[in-house]
Amino acid sequence: MRDSRWKTLIHRLGMRTENALGYVSGRARQKLHPEIPMHIIAYRGFGVLTDDGWRGRLQGRVLRYRQPALPSRSELWNNLRASYARFGTRELPGVSVTGQVGELMARTTTDEEGYFQLNFDTSSTGPTELTQSVELSLPGYSSVQIDGDPVISLPARDARFGVISDVDDTLLLTKATSLRDMMRLTLLESPSSRLAFAGVAEFYQALHAGRNPFFYVSSSPWNLYEFLSDFMRINQIVPGPLMLRDFGIDETKFIAGSHGDHKLQQIRTVLSLYPELPFILAGDSGQDDPSIYATIAEEFPEQVRAIYIRDVGHAWKRASIQQLISQLREREIDMLLVPDTLAAATHAHSLELLPSDSLASISRAVEASTQPS
């Protein structure tokens with residue numbers, strides 16, 4: 001017990017020392033070299049319409065800008081260099097960040113890992129755009145590169161439901177249960193070469209219907225934000241906030257948060273923000289999505305409309321998933337272990353969440369594709 005306390009104390013002291021040194025270093029660079037290019041990666045935010053306006057948040061990260069390397073003839077080498085650039089970042093703590101939406105301003109300062117969150121709250125009346133563009137700036141820096149998605153998504157007032165979806169092995173083939181295969185796909189492939197499951201784009205577009213909000217929750221690190229965002233754009237998957245995970249070191253634990261804790265926290269945040277909106281939850285059987293979603297269904301029984309779990313193998317897990325399915329059925333909540341996108345779409349159609357013509361297009365996409373379904 002005593003050794004454990006000493007380890008915790010030393011770890012916290014090391015973290016605070018590192019944070020202080022990072023802050024001092026960042027401030028010194030700002031004063032001595034204001035011409036050095038800075039890099040803002042904006043993560044698509046989300047918010048809610050109010051009676052007299054809207055409120056929302058936008059997160060992001062400030063890094064030292066790294067000039068992209070000239071492309072090589074080798075696609076493999078280009079992918080490796082891009083992967084290194086995504087993870088070999090140099091974050092900047094203590095940097096002032098300003099965001100502006102119309103005449104509305106918000107200010108904040110980056111934390112020890114370079115992350116920031118801007119909070120907006122407006123009482124302006126009149127028509128409200130469902131996508132609010134945010135102008136970002138770093139006071140004191142003359143050269144700033146802005147990437148990512150500096151926008152805040154708002155659900156339509158006539159939204160019927162929302163969708164919360166996993167990413168790995170739900171949208172794209174990742175093989176997250178195999179570390180070797182997952183690392184190979186993550187490091188050696190590009191957004192354009194990664195495979196989307198057949199029919200997912202058509203299914204999500206039909207569920208979206210131009211008004212129903214989408215959220216994506218994943219345990220992938222924030223370093224992969226642009227990679228995943230590009231993948232979604234290329235495959236015409238409904239855009240929505242990506243709620244990823246910080247793989248940094250926390251003061252109280254060596255790795256900041258577990259896979260399950262992260263997903264539970266993010267889903268709770270979304271459902272609590274939209275208490276009158278029911279939700280569809282979509283995931284896969286590869287990791288802990290069934291148990292995470294079952295927990296959410298028990299906590300928010302009135303808001304969970306259906307749960308779709310893509311069966312990615314692992315026969316030994318099916319018995320425990322079937323047990324969860326039976327438990328939720330007693331609460332009149334449908335959890336389905338589905339073999340492909342069409343099975344989930346067929347059930348959604350039975351709940352009158354999809355029109356018949358959309359079901360037909362999803363069926364054609366699944367049947368025509370040679371990719372995973």
Side-chain angles (χ1 to χ4, degrees), residues 40-49 54 56-61 86 99 101 117-118 120 128-136 146-172 174 190-192 194-245 263 266-267 269-271 273-274 277 279-283 308 341 344-345 348 353-354 358 361-362 365:
I40 301 177
I41 301 179
Y43 310 139
R44 179 184 292 267
F46 59 94
V48 61
L49 294 170
W54 62 274
R57 73 180 196 187
L58 177 81
Q59 295 177 300
R61 201 176 193 188
R86 282 192 290 269
V101 179
Q117 177 172 310
L118 292 166
F120 297 89
T128 300
E129 298 293 333
L130 298 183
T131 301
Q132 297 288 335
S133 296
V134 182
E135 295 183 17
L136 296 171
I146 300 175
D147 288 314
D149 300 294
V151 298
I152 295 175
S153 296
L154 303 171
R157 293 192 185 276
D158 61 346
R160 295 177 57 204
F161 56 87
V163 177
I164 298 175
S165 174
D166 180 44
V167 176
D168 296 326
D169 288 325
T170 302
L171 295 183
L172 77 165
T174 305
S190 68
S192 60
R194 291 297 295 272
L195 297 178
F197 284 96
V200 166
E202 291 83 357
F203 182 34
Y204 281 16
Q205 290 288 353
L207 289 173
H208 176 48
R211 58 180 175 175
N212 300 315
F214 269 69
F215 303 85
Y216 299 93
V217 181
S218 171
S219 290
S220 293
W222 283 111
N223 306 68
L224 292 177
Y225 180 88
E226 290 180 287
F227 180 97
L228 295 173
S229 183
D230 288 343
F231 164 83
M232 292 170 66
R233 275 192 286 266
I234 290 168
N235 288 277
Q236 299 181 334
I237 293 170
V238 174
L242 276 162
M243 307 170 79
L244 306 182
R245 180 183 173 197
K263 282 195 169 183
Q266 299 302 326
I267 297 172
T269 296
V270 173
L271 268 63
L273 185 62
Y274 309 101
L277 205 61
F279 277 82
I280 295 172
L281 309 180
Y308 301 129
T341 305
L353 304 178
L354 286 182
S358 296
S361 66
I362 295 165

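Pairing each heavy atom of Lys263 with each of Ser218, the nearest pair is CE-CA, 4.3 Å.
Looking at Met232 and Val167, their side chains never come closer than 4.5 Å, going by heavy atoms from C-beta outward. Side-chain contact between Tyr43 and Met243 is absent, with no heavy-atom pair separated by less than 4.5 Å. No side-chain heavy atom of Leu171 sits under 4.5 Å from any side-chain heavy atom of Asn235. Using a 4.5 Å heavy-atom threshold, the side chains of Val101 and Leu58 count as separate.
Interatomic distance, Leu277 CG to Phe279 CZ, rounded to the nearest 0.5 Å: 4.5 Å. Note: Ile237 CD1 to Glu202 CD = 9.5 Å, rounded to the nearest 0.5 Å. Interatomic distance, CD of Glu129 versus CD1 of Ile152, reported as 13.5 Å (0.5 Å rounding). Rounded to the nearest 0.5 angstrom, Asp149 CG and Leu242 CG are separated by 8.0 Å. Atom CZ in Arg245 sits 12.5 Å away from atom CG in Leu224 (nearest 0.5 Å). Put simply, OG1 on Thr170 and CG on Leu281 are 11.5 Å apart, with the number rounded to the nearest 0.5 Å.
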Legend entry - Evaluation steps, side chain to side chain contact (heavy atoms under 4.5 Å, CB included), between Leu353 and Arg160: CA-CA 9 Å; Leu353 304 178; Arg160 295 177 57 204; 3.8 Å; yes
Legend entry - CA sep, side-chain torsions, deciding dist, call: Val163, Asn212, side chain to side chain contact (heavy atoms under 4.5 Å, CB included): CA-CA 8 Å; Val163 177; Asn212 300 315; 5.9 Å; no
Inset, instruction - Take Leu228 and Leu244 through the test side chain to side chain contact (heavy atoms under 4.5 Å, CB included) and record every step on the way to the result. - result: CA-CA 10 Å; Leu228 295 173; Leu244 306 182; 4.1 Å; yes
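Of the residues listed (Phe120, Phe215, Phe214), the one engaging Phe46 in a ring-ring contact (aromatic ring centres under 6.0 Å, His included) is Phe215, and it is the only one. With Ser165 as the fixed residue, the side chain to side chain donor-acceptor pair (under 3.5 Å) test singles out one of Tyr204, Tyr308, Tyr216: Tyr204.
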